[in-house]
Structures are given as structure tokens and as C-alpha cells.
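Structure, as C-alpha cells:
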Amino acid sequence: MKGQGASIEVMISAEDIDERVNELAAQIYEDVPAKSLIAICVLKGSLIFYADLVRAYPGAVHVEYMAVSSYGSRKTSGALNIHVDVSTDISGKDVLIVEDIVDSGRTIARLREMFMARGARTLRVVSLLDKTSRREIQVNVEYVGFEIPDEFVVGYGLDFDQKYRTLPFVGKIRNDSVKIDEER
Ligand code: IMP
Ligand code: MG
């Protein structure tokens with residue numbers, strides 16, 4: 001795998017991702033009455049998924065980007081740092097938030113609150129991956145590509161220490177000596 005220094009075990013193949021992304025795009029198109037969408041890419045992890053999803057979406061897409069990080073203790077509700085915000089008024093619009101993975105649920109919960117407060121007409125969330133067993137906050141995720149077990153995954157946009165994002169599949173790092181939990 002691109003000589004990035006560790007061995008990665010494939011969890012979800014590029015072919016399976018491709019098939020699922022097309023299904024998700026078709027499903028979302030069916031569900032959005034006006035067919036055109038403001039699709040928000042939550043950087044950086046969603047970038048590859050986002051690029052594939054918006055191209056598979058048959059309707060018109062207005063692309064927007066956000067970069068966020070959550071802070072505060074894991075025991076409290078936490079808050080969101082917004083590093084990059086969308087560049088348009090989303091009030092009255094059909095909004096789709098595109099995430100790479102939902103883990104505790106904090107990031108998506110905060111983003112949902114924020115876009116509802118800004119007056120989105122409809123708000124949907126699509127996440128390529130979902131680790132439901134790690135959820136700490138109840139949050140609605142309308143579309144999930146794949147539910148996965150509680151394992152740290154990389155590839156197809158997801159990183160460990162900014163590495164492995166460009167792998168075409170989703171996989172897990174085999175080297176147990178890497179202290180992954182501290183890097184989340
Ligand atoms: P949440 O707020 O706990 O749901 O955090 C979700 C964010 O944590 C994702 O957008 C990722 O950036 C990161 N994350 C969670 N699990 C993984 C993983 O297995 N690999 C890479 N990033 C992850
Ligand atoms: Mg993310």
C-alpha cells in the first residue's frame with residue numbers, strides 16, 4: 001500500500017465502496033424533492049467520499065466546504081471549532097452534510113444544530129462509515145454507507161496522523177505498536 005510504512009488490512013474494498021456510493025447518491029436523489037442540493041464536505045476526511053458522491057448524484061449540486069474540530073472533555077457535550085465555514089446562506093435550502101465517519105456523534109450533533117439554527121429547509125446527513133457501538137450522543141444519520149466495528153480505520157480520505165488518506169479502500173492498520181487511541 002504505497003509504501004507508507006505500515007501494513008493495512010482491507011476492510012472495505014474499492015469496488016464495494018464504489019457500488020455503495022452510487023446507491024447512496026441514487027437514494028438521496030429520490031428523497032430530495034427539489035433534486036438540487038447544497039452538499040457540505042466536512043474536511044478533511046470526507047474529501048474523497050465527497051468527490052465521488054457529488055459526481056454520482058444525478059441532480060444539481062452546490063458544493064461547500066467546512067473544516068471543524070471538536071474540543072472539550074469527552075465526558076462533557078463538547079463544542080465545535082470552526083476553522084473553515086460555508087460561503088453561502090443556507091436558509092431555505094436543502095442541505096446535505098457529507099461526513100467520513102460518525103464515532104461519538106458529537107461532530108454531527110453540533111453540525112446539525114448549527115445548520116438547523118441557520119434555517120436550512122431540510123437537513124440530511126450522509127456518512128460513509130458509522131461506528132454505532134461508540135456513540136455517546138444520540139444523533140440522526142439519514143444515510144450510512146457501511147456500519148463498522150469499533151476499530152480505527154484509514155484510507156479513502158481517512159487518516160492516521162495525516163497518512164493513508166489516498167488509499168483507494170478502507171482498511172485497518174495491522175501494526176499494534178502504533179498508539180492509535182491517543183491520536184484520535
Ligand atoms: P465524532 O465527533 O466522535 O463522531 O468524531 C468523528 C470524527 O473523528 C471523524 O470525522 C474523524 O475525523 C474522526 N475519526 C473517528 N474514528 C476514526 C477512524 O477510525 N479513523 C479515522 N478518523 C476517525
Ligand atoms: Mg470527519
Side-chain angles (χ1 to χ4, degrees), residues 1-2 4-14 16-17 20-21 24 39-54 63-86 95-115 123-176 178-184:
M1 41 57 58
K2 298 205 171 184
Q4 292 184 72
S7 113
I8 310 285
E9 186 183 325
V10 177
M11 184 186 277
I12 308 167
S13 71
D16 288 351
I17 294 171
R20 190 73 186 113
V21 169
L24 289 169
I40 301 172
C41 176
V42 186
L43 295 169
K44 302 174 185 172
S46 308
L47 109 142
I48 311 279
F49 173 46
Y50 184 85
D52 284 345
L53 186 75
V54 293
V63 306
E64 288 289 341
Y65 306 100
M66 287 205 82
V68 299
S69 59
S70 38
Y71 64 97
S73 140
R74 291 192 74 85
K75 292 279 166 270
T76 65
S77 63
L80 214 57
N81 258 321
I82 298 175
H83 308 291
V84 177
D85 204 344
V86 297
V95 174
L96 178 71
I97 300 175
V98 183
E99 254 289 28
D100 52 354
I101 186 164
V102 182
D103 186 44
S104 72
R106 291 181 199 288
T107 305
I108 278 304
R110 294 277 163 264
L111 287 174
R112 288 197 85 105
E113 283 170 17
M114 202 184 85
F115 285 109
L123 182 60
R124 294 175 170 82
V125 173
V126 57
S127 183
L128 177 73
L129 305 172
D130 191 354
K131 287 187 198 174
T132 45
S133 63
R134 286 182 51 89
R135 202 70 94 250
E136 293 170 23
I137 283 187
Q138 272 310 314
V139 65
N140 226 14
V141 182
E142 282 79 2
Y143 309 96
V144 170
F146 302 92
E147 213 174 281
I148 62 166
D150 181 10
E151 311 229 37
F152 195 84
V153 290
V154 296
Y156 197 67
L158 291 105
D159 76 307
F160 168 64
D161 205 13
Q162 299 304 323
K163 290 185 295 215
Y164 314 116
R165 291 195 197 275
T166 56
L167 296 175
F169 56 84
V170 170
K172 46 185 184 175
I173 302 175
R174 271 211 183 112
N175 183 354
D176 293 338
V178 186
K179 292 199 171 50
I180 287 164
D181 271 326
E182 292 168 17
E183 302 286 338
R184 274 189 189 161

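Keep in mind the model is a prediction, meaning the values are calculated, not measured. Atoms within each ligand, like the ligands themselves, are counted from 1 in listed order. One-based numbering along the sequence shown.
In Leu158, the part holding a heavy atom less than 4.0 Å from any atom of ligand 1 is the side chain. Neither the backbone nor the side chain of Arg134 comes within 4.0 Å of ligand 1, counting heavy atoms alone. When non-hydrogen atoms are compared, ligand 1 lies under 4.0 Å from neither the backbone nor the side chain of Glu136.
In terms of the salt bridge (Lys or Arg N to Asp or Glu O under 4.0 Å) criterion, residue partners of Glu142 (sequence neighbours excluded) are, by chain and number, Arg112. With sequence neighbours left out, the side-chain contact (heavy atoms from CB on, under 4.5 Å) criterion links Val63 to Tyr50, Val61, Tyr65. Scored by the salt bridge (Lys or Arg N to Asp or Glu O under 4.0 Å) test, Asp16 finds no partners at all (sequence neighbours excluded).
A donor-acceptor pair under 3.5 Å links the side-chain atoms of Arg20 to the main chain of Val144, judged by distance alone. A donor-acceptor pair under 3.5 Å links the side-chain atoms of Ser46 to the main chain of Val98, judged by distance alone.
At least one side-chain heavy atom of Leu96 sits less than 4.5 Å from a side-chain heavy atom of Leu53. Counting heavy atoms from C-beta on, the side chains of Leu111 and Val125 never come closer than 4.5 Å. Between Lys172 and Val154, every side-chain heavy-atom pair lies at or beyond the 4.5 Å cut-off.
The option with the heavy atom closest to atom 17 (C) of ligand 1, from among Phe152, Tyr164, Phe160, is Phe152. Among Val42, Ile101, Leu80, the residue whose heavy atom lies closest to atom 14 (N) of ligand 1 is Ile101. Of the options Ile173, Asp159, Asp100, Val153, the smallest heavy-atom separation from atom 12 (O) of ligand 1 is shown by Asp100.
Between the CD1 atom of Ile108 and the CD1 atom of Ile101 there is a distance of 11.5 Å, given to the nearest 0.5 Å.
Residue Gly105 places a heavy atom under 4.0 Å from ligand 1. Distances shorter than 4.0 angstrom do not occur between any heavy atom of Arg110 and any atom of ligand 1.
At under 3.5 Å, not a single nitrogen or oxygen of Val154, backbone or side chain, sits near a nitrogen or oxygen of ligand 1.
Around the Mg ion (ligand 2), the protein contributes the following N, O or S atoms under 2.8 Å, ordered by chain and number: Glu99 OE1, Asp100 OD1.
Residues Arg135 and Gln138 have side chains that never bring a donor and an acceptor to within less than 3.5 angstrom of each other.
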